[in-house]
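Working notes, structure below.
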Amino acid sequence: MRYGFFDTDADEYVIDRPDVPVSWTNYLGTKNMCTVLSHHGGGYSYYKSSQYGRISRFRQNGVPLDRPGHYVYLRDDADGDYWSASWQPVGKPFVEPGEEPDAAAGPGAKGRWTTRHGMGYTRFRSEYRGIDTEQTVFIPLDDDVEVWDVRVTNTSDRVRELTVASYVEFSFHTITIDNQNLQMSLYASGSSYADGIIEYDFYYEPWTFHYVASSETPSSYDSLRDNFIGPYRTETNPVAVERGAGSNQSATTQNHCGSLQHKVVLQPGETKRLVYLLGYGSRDEAGRAMQAKYSDVASAEPPALPAVDLEFQRLRDYWHAKQDKLRIRTPHEGMNTMINSWTLLQAETCVVWSRFASFVEVGGRNGLGYRDTAQDVMSVIHSNPTKTRQRILELLRAQTEQGYGLHLFDPKAFDPDAEQLPDVPSPTIVPTPNVADLIHGLEDTCSDDHLWLVPSVVEYVKETGDLAFLDLEVPFAQGTPATVYEHLRRALEFSAEQVGPNGVALGLRADWNDCLNLGGGETSLVTFLHAWAIRAFLEICEHRRAAGDASASEDVERWTAELDRIRGVADAELWDGRWWIRGYTRDGVKIGSAANDEGKIFLEHQAWPVIAGITSQERGEASMDSVRELLGSEYGSHLNWPAFTKVDDTVGFVTRVYPGIKENAAIFSHPNAWPIIAEALLGRGDEAVQFYDSILPFNQNDNIEVRGAEPYAYVQFLYGRDHEWFGKAQNPWLTGTAGWMYTAVTKYVLGVRLALDGLVVDPSIPADWDGFDVRREWRGAVYEIEVRNPEHVSHGVASVTVDGVAHEPGTPIPAAPAGSTVNVVVTLG
Ligand code: NOJ
């Protein structure tokens with residue numbers, strides 16, 4: 001069953017059946033303000049931090065679904081019938097996709113509701129009883145305000161008198177206080193109305209305000225939630241909408257909202273445009289300026305565009321520019337659609353907004369997860385070098401002198417330039433931690449966190465060419481400065497020291513798998529990741545040595561030797577016959593081995609010996625075949641098999657998780673990307689794309705009765721075959737899957753990847769492809785890459801031409817001057 005379709009040309013997903021059983025969300029905002037918004041208009045906004053900067057309130061995991069939200073109500077003043085632009089919260093009857101609503105029918109008629117999620121915006125459309133309404137919601141690039149561009153058209157043949165009302169429920173800015181300390185949230189905040197602007201204030205903290213404004217003077221307003229909704233009612237039937245007038249009351253107490261009501265009279269065929277604004281800042285310092293800026297919709301005539309159109313276009317251009325950095329055109333429609341728009345958007349969202357605010361993640365944690373951020377940044381360096389650099393610096397500052405990273409940290413705590421707000425002696429005592437208390441010891445350290453950072457920094461340097469970045473001095477968490485190069489070296493040294501009796505990396509609190517808690521045991525995954533990080537570091541060292549840096553010579557020797565040691569350990573200790581073991585418990589028992597009864601094979605480490613280049617073709621292929629055979633399914637590869645059913649705390653929390661859920665034998669999406677990379681490196685393009693296809697959300701568009709979640713976003717996990725909900729997808733958007741899928745496809749399947757001194761094209765594609773094209777911007781030049789596959793092979797470059805001149809296959813194509821266009825033709829065979 002389907003609820004919508006991909007409109008690839010518009011980069012939109014269109015939901016044409018509104019009763020989707022779960023929330024399908026989108027993320028708006030690129031800078032300071034973020035909104036998580038569902039296809040029903042439900043959701044919330046925050047300013048900078050989802051923990052401390054809440055603007056609008058959302059009742060997570062609530063009943064009914066997705067409440068409250070950023071709503072526009074419409075009321076027919078002739079008969080009092082009312083509905084929502086976004087179907088919910090009023091929820092009128094609707095026609096089936098393809099059917100036409102009856103414009104002439106009376107109250108209770110069926111209408112049509114369509115939602116378009118786009119890149120950085122969402123557009124709701126309702127067609128109900130001859131009134132066609134569009135509500136386009138977006139956050140402009142440079143204003144801390146959410147714009148609702150509302151257009152109401154009378155498609156009937158009679159004059160219509162309508163009331164249009166906005167509604168948003170304000171939140172106390174700190175989510176814990178909003179949820180747990182009503183003495184503060186109810187009595188320490190107030191609202192007021194003046195000059196068409198509702199201001200929500202925090203009396204004791206006179207630097208925090210939110211506001212709602214509109215492009216025209218309203219006929220009435222509500223800033224007290226309970227006045228708008230009315231007793232024993234919900235957002236479905238608010239008394240103020242039913243009445244067609246707000247109560248015009250504010251107060252310095254209770255729950256607050258932003259509802260502005262407008263009377264609109266429309267002749268047949270006439271369109272009225274209204275703009276509502278939900279913003280951060282005070283009425284005087286922000287609200288009035290934004291109101292003035294976005295109020296020119298009535299007067300501005302083409303060719304002059306109103307500010308709202310200009311800002312919307314700027315936002316579209318912003319995303320197009322990102323997409324243009326790397327565009328693919330392959331015979332695979334789902335791959336093109338997802339990579340060119342949705343997967344890029346999801347990867348950017350994880351980097352810009354981190355992983356703590358969705359409809360499942362309630363946004364109550366602040367800051368960054370070390371391992372997640374260090375991985376996420378790697379995929380968006382080309383599209384967002386500025387944010388990537390910021391994140392990398394934050395990670396470096398949260399790395400300890402010992403080399404490990406702080407597993408979960410607030411970058412502001414380590415940022416000397418962080419904004420300092422006045423310290424109000426509030427009656428709610430929350431002890432302020434000092435920085436030393438934030439630095440955890442080995443007992444809370446994960447054995448992998450710091451390792452992900454090393455290849456990310458190396459990729460950053462390859463993308464930007466900014467070799468000087470490696471010499472930048474950045475303090476460790478303890479405050480001592482060191483060059484970025486030294487930070488990377490310490491990360492590798494930490495893992496070189498943390499080695500167990502079998503020569504394998506020590507299991508600490510956890511590794512990539514949060515639920516495998518081997519403390520005192522050993523983890524093959526981290527050994528493999530260590531090798532991968534060393535190889536990345538060696539690229540830098542070798543480059544420096546070639547430039548005459550003597551100390552880099554020592555590093556080349558040191559880390560080549562360590563790589564050889566790891567290769568030996570992997571060969572001797574970690575091969576189980578058909579796949580790699582996962583490690584050892586602290587009692588020395590092998591896990592992830594054919595000899596085990598439960599958890600015989602794990603997914604997350606199988607690809608890494610290939611990616612790190614420390615194993616043979618034969619073992620690489622055997623391990624991938626085992627993954628396919630034992631873990632694969634029509635919805636992706638399971639994380640382990642068989643599921644754990646017996647508690648064993650030497651293995652970890654995974655043995656206390658229901659079989660088929662999350663880390664215990666679910667289809668955990670994130671490591672599903674790694675076999676794609678391994679297969680591509682093994683030259684098996686058909687197998688690589690088979691792995692990609694098995695979990696591709698695009699392929700599940702018509703299977704929503706099983707999948708549930710939105711088909712344009714990856715989710716954290718799908719229930720595994722041991723669970724009766726096999727194939728259902730949970731926890732969308734905030735997963736490292738998007739970034740890794742982007743990397744797997746672009747750098748390994750299509751094979752367009754970077755060396756320090758050039759660009760390499762080394763594809764591994766399905767043999768039946770005739771070829772594909774990639775447009776890649778790199779260091780200011782454009783590479784138009786055409787790959788031809790006349791012999792229908794999966795892998796192997798027969799010839800390359802660069803601007804018509806033969807180029808040696810396998811050697812990097814040197815960076816061209818900024819501003820130039822380079823035509824590259826690669827022929828496989
Ligand atoms: C989600 C966490 O954010 C991530 O760090 C971890 O790798 C996965 N769970 C797997 O446990």
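Along the sequence shown, residues are numbered consecutively beginning with 1. Excluded from the calculations below are hydrogen atoms, water molecules and symmetry mates; all remaining heavy atoms, backbone and side chain alike, are included. First listed ligand is number 1; within each ligand, the first listed atom is number 1.
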**Report entry** Shortest protein heavy-atom distance from atom 1 (C) of ligand 1, along with the residue and atom involved
**Finding:** D514 OD2, 3.5 Å
Query raised in the report: Which of the atoms in ligand 1, numbered in the order shown and given with their element, are less than 4.0 Å from a heavy-atom of N513?
Result: 11 (O)
**Report entry** Heavy-atom proximity to atom 11 (O) of ligand 1, best of H407, Q375, E663
**Finding:** E663
Query raised in the report: Salt bridge between E493 and R489, side-chain N to carboxylate O under 4.0 Å?
Result: yes
Query raised in the report: Atoms of ligand 1 less than 4.0 Å from D372 heavy atoms?
Result: 2 (C), 3 (O), 4 (C), 5 (O)
Requested in this report: Report the C-alpha separation of F726 and Y719 in whole Å, then their side-chain angles, then the decisive distance to 0.1 Å, and conclude whether the ring-ring contact (aromatic ring centres under 6.0 Å, His included) test is met.
Outcome: CA-CA 5 Å; F726 177 43; Y719 293 91; 9.8 Å; no
Query raised in the report: So, E634 and R721, do they make that salt bridge, N to O below 4.0 Å?
Result: no
Report summary line: If we number the atoms of ligand 1 from 1 as shown, the ones under 4.0 Å from a heavy atom of Q716 are 1 (C)
Query raised in the report: Just which atoms of ligand 1 are under 4.0 Å from any heavy atom in R371?
Result: 4 (C), 5 (O), 6 (C), 7 (O)
**Report entry** Check: H382/E463 side-chain N/O donor and acceptor closer than 3.5 Å
**Finding:** no
**Report entry** Stepwise salt bridge (Lys or Arg N to Asp or Glu O under 4.0 Å) test for R54 and D178
**Finding:** CA-CA 9 Å; R54 287 303 244 246; D178 200 57; over 6 Å; no
Query - Criterion salt bridge (Lys or Arg N to Asp or Glu O under 4.0 Å) on E459 and K462, from CA distance to verdict - result: CA-CA 5 Å; E459 287 300 307; K462 288 178 182 173; 3.2 Å; yes
Query raised in the report: At what distance is the nearest protein heavy atom to atom 7 (O) of ligand 1, and which residue and atom is it?
Result: W512 O, 2.5 Å
